[in-house]
Amino acid sequence: MAVVDCELEKELKQFDETKAGVKGLVDAGVTKLPRMFRHPPESLPSPNQNNGVDSNLQVPVIDLKDVDICERRKEIINDLRKAAEEWGFFQIVNHGIPNAVMDEVLKGVRGFHELPQEAKEEWYSRDFKKKVNFFSNGELKVSTPADWRDTLSCKVLEDECNFEAIPEVCREEIREYMKYIVQVQEKLSKLFSEALGLDSDYLENLRCFKSRSLACHYYPVCPEPHLTLGGTRHSDLGFLTLLLQDSGGLQVLHDNVWIDVPPVERALLTNLADMLQIVTNGKFKSVEHRVLMPATLEPRTSIACFVGTDDLQKPYGPIKELISEDNPAIYKEVVFGEYMNRYKL
């Protein structure tokens, strides 16, 4: 019979009841990492193995400039196909989002997280059915170390009405950013379809890239960063994630080695998620990643746009055009809504 750690359970409850998140601990002057955030050594970088990182490898960078010119488009599709098959992660530049829009949305999100505690309390909730909620960690459990991170979640942003629920301090910045994200999403939908040898509107017709939600993360300065993580090892659930980040810490697991993914100036980091791996029958990869807490005097901000289907009851399985006698289906059909409900986002 499992023994309940009553002290840790109490610590988790008290933390959640403050409605202040990790930023609240920093504001309170914490100098030692609370036990609830301490990760086991096997989950953390190894100090004896260069942090388990191969510094000679880097995530591919794909330049979308002149994507509508025929010969250039072929080159981009080949680069994208190779990155999707070998890495599952890549940076895109010349994506069409103005520099000022990216700067302002990062500034706006950081502005929300750095509001006084009482100004953020009304959004703090563990009701993940809400269109907008502020929280720290999807689940707070004795059995699982917490991550050093706060999140403002904004869901179903394909519906214009839902923007009104976003805090005013970052509402217009997010609204403007999402106008451009839609264009990037549509562009990538066509490129992925063509990279699979399908018609350019194939994935659009499957409604793979129809829904958009944001996880606006904030990683405060940590008193003992070597003992915790900003994001535990995981893969993403949907079809695609587009990430904007202002500093390093992200790592990708590639060929069983952790690779640093520092920001590329004015780039969007693109990673394939579980559902895209399923519908491509494993041709495109969804890979695990994590966020380290660097020893820094500045907080980290990142904005993840999760792209998925707007039909949560639709079953998705390997695309029939990609299946043959020599390449049989290796995945069963999955209903995305049921798959997503296993997790708290």
Side-chain angles (χ1 to χ4, degrees), residues 59-62 64 67 73-92 95 158 181-182 184-213 233-243 252-256 259 261 268-289 304-340 342-343 345:
V59 168
V61 178
I62 298 178
L64 297 185
V67 68
R73 189 178 187 86
K74 290 178 183 177
E75 293 176 5
I76 291 171
I77 288 170
N78 284 336
D79 290 344
L80 185 146
R81 181 189 301 113
K82 184 176 181 182
E85 291 177 352
E86 297 179 5
W87 282 85
F89 264 79
F90 53 91
Q91 309 259 22
I92 55 173
H95 40 63
E158 63 274 16
I181 281 290
V182 171
V184 175
Q185 167 189 318
E186 291 172 349
K187 191 178 298 182
L188 289 175
S189 176
K190 293 176 181 178
L191 291 171
F192 277 121
S193 295
E194 293 174 44
L196 290 166
L198 305 168
D199 292 339
S200 62
D201 61 354
Y202 194 98
L203 292 177
E204 179 184 0
N205 292 337
L206 274 185
R207 309 193 70 81
C208 295
F209 292 178
K210 287 295 184 182
S211 72
R212 297 174 290 280
S213 296
R233 173 178 178 167
H234 69 285
S235 62
D236 290 351
L237 303 181
F239 283 87
L240 192 69
T241 304
L242 300 171
L243 182 78
V252 172
L253 191 62
H254 177 70
D255 291 340
N256 216 32
I259 309 297
V261 189
L268 271 182
L269 182 63
T270 304
N271 73 275
L272 282 58
D274 294 352
M275 293 298 293
L276 195 56
Q277 178 168 308
I278 290 170
V279 299
T280 64
N281 202 39
K283 183 177 178 64
F284 290 172
K285 288 184 178 181
S286 171
V287 300
E288 292 184 312
H289 45 287
C305 179
F306 300 115
V307 180
T309 179
D310 58 353
D311 186 351
L312 298 185
Q313 302 309 312
K314 178 180 172 64
Y316 283 92
I319 294 169
K320 63 180 185 302
E321 287 85 351
L322 304 180
I323 303 305
S324 65
E325 186 175 335
D326 294 331
N327 185 41
I330 59 175
Y331 297 104
K332 296 180 179 178
E333 285 190 338
V334 174
V335 175
F336 181 59
E338 296 175 359
Y339 186 57
M340 190 172 63
R342 302 178 196 172
Y343 303 88
L345 296 178

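Model, not experiment: these values are computed from the prediction.
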Measure the spacing between [atom1] of [X] and [atom2] of [Y] and express it to the nearest 0.5 Å.
{"X": "His234", "Y": "Ser286", "atom1": "NE2", "atom2": "OG", "answer": "9.0 Å"}
{"X": "Gln277", "Y": "Asp236", "atom1": "CD", "atom2": "CG", "answer": "12.0 Å"}
{"X": "Glu204", "Y": "Lys190", "atom1": "CD", "atom2": "NZ", "answer": "7.0 Å"}
{"X": "Ile76", "Y": "Lys74", "atom1": "CD1", "atom2": "NZ", "answer": "13.0 Å"}
{"X": "Thr309", "Y": "Leu203", "atom1": "OG1", "atom2": "CG", "answer": "11.5 Å"}
{"X": "Gln91", "Y": "Leu268", "atom1": "CD", "atom2": "CG", "answer": "8.5 Å"}

Look only at the side chain of [X] and the backbone of [Y], and say whether a donor-acceptor pair between them is shorter than 3.5 Å.
{"X": "Ser211", "Y": "Gly308", "result": "yes"}
{"X": "Asp199", "Y": "Ser193", "result": "no"}
{"X": "Asn271", "Y": "Gly88", "result": "no"}
{"X": "His289", "Y": "Leu253", "result": "no"}

Tell me which pairs pass salt bridge (charged side-chain N to carboxylate O under 4.0 Å, His left out) where either residue lies in residues 305-321, with sequence neighbours left out.
Arg207-Asp310
Suppose we screen for ring-ring contact (aromatic ring centres under 6.0 Å, His included). Which residues come up paired with [X], at least two apart in sequence or across chains?
{"X": "Tyr316", "value": "Phe239"}
{"X": "His95", "value": "none"}
{"X": "Phe336", "value": "none"}

Kindly indicate whether the side chain of [X], heavy atoms from C-beta on, has any atom under 4.5 Å from the side chain of [Y].
{"X": "His254", "Y": "Lys285", "answer": "no"}
{"X": "Ile92", "Y": "Leu80", "answer": "no"}
{"X": "Trp87", "Y": "Ile259", "answer": "yes"}
{"X": "Val335", "Y": "Pro315", "answer": "yes"}
{"X": "Leu242", "Y": "Leu269", "answer": "no"}

Which residues satisfy the side-chain hydrogen bond (donor to acceptor under 3.5 Å, both in side chains) test with [X], sequence neighbours excluded?
{"X": "Glu186", "result": "none"}
{"X": "Glu333", "result": "none"}
{"X": "Glu288", "result": "Arg233"}
{"X": "Ser235", "result": "Asp274"}

Could you work out, with side chain to side chain contact (heavy atoms under 4.5 Å, CB included) as the rule, every residue matching [X], not counting sequence neighbours?
{"X": "Gln185", "answer": "Phe209, Arg212, Val307"}
{"X": "Thr280", "answer": "Leu196, Leu276, Lys283, Phe284, Leu322"}
{"X": "Ile278", "answer": "Met275, Tyr331, Val334"}
{"X": "Glu325", "answer": "none"}

Passes side chain to side chain contact (heavy atoms under 4.5 Å, CB included), Leu191 versus Leu64? Steps please.
CA-CA 10 Å; Leu191 291 171; Leu64 297 185; 4.1 Å; yes
Minimal heavy-atom distance between Asn281 and Ile330, with the atoms involved, is OD1-N, 2.8 Å
Passing candidate, side-chain contact (heavy atoms from CB on, under 4.5 Å) with Leu198, options Leu206, Ile319, Asn205
Ile319
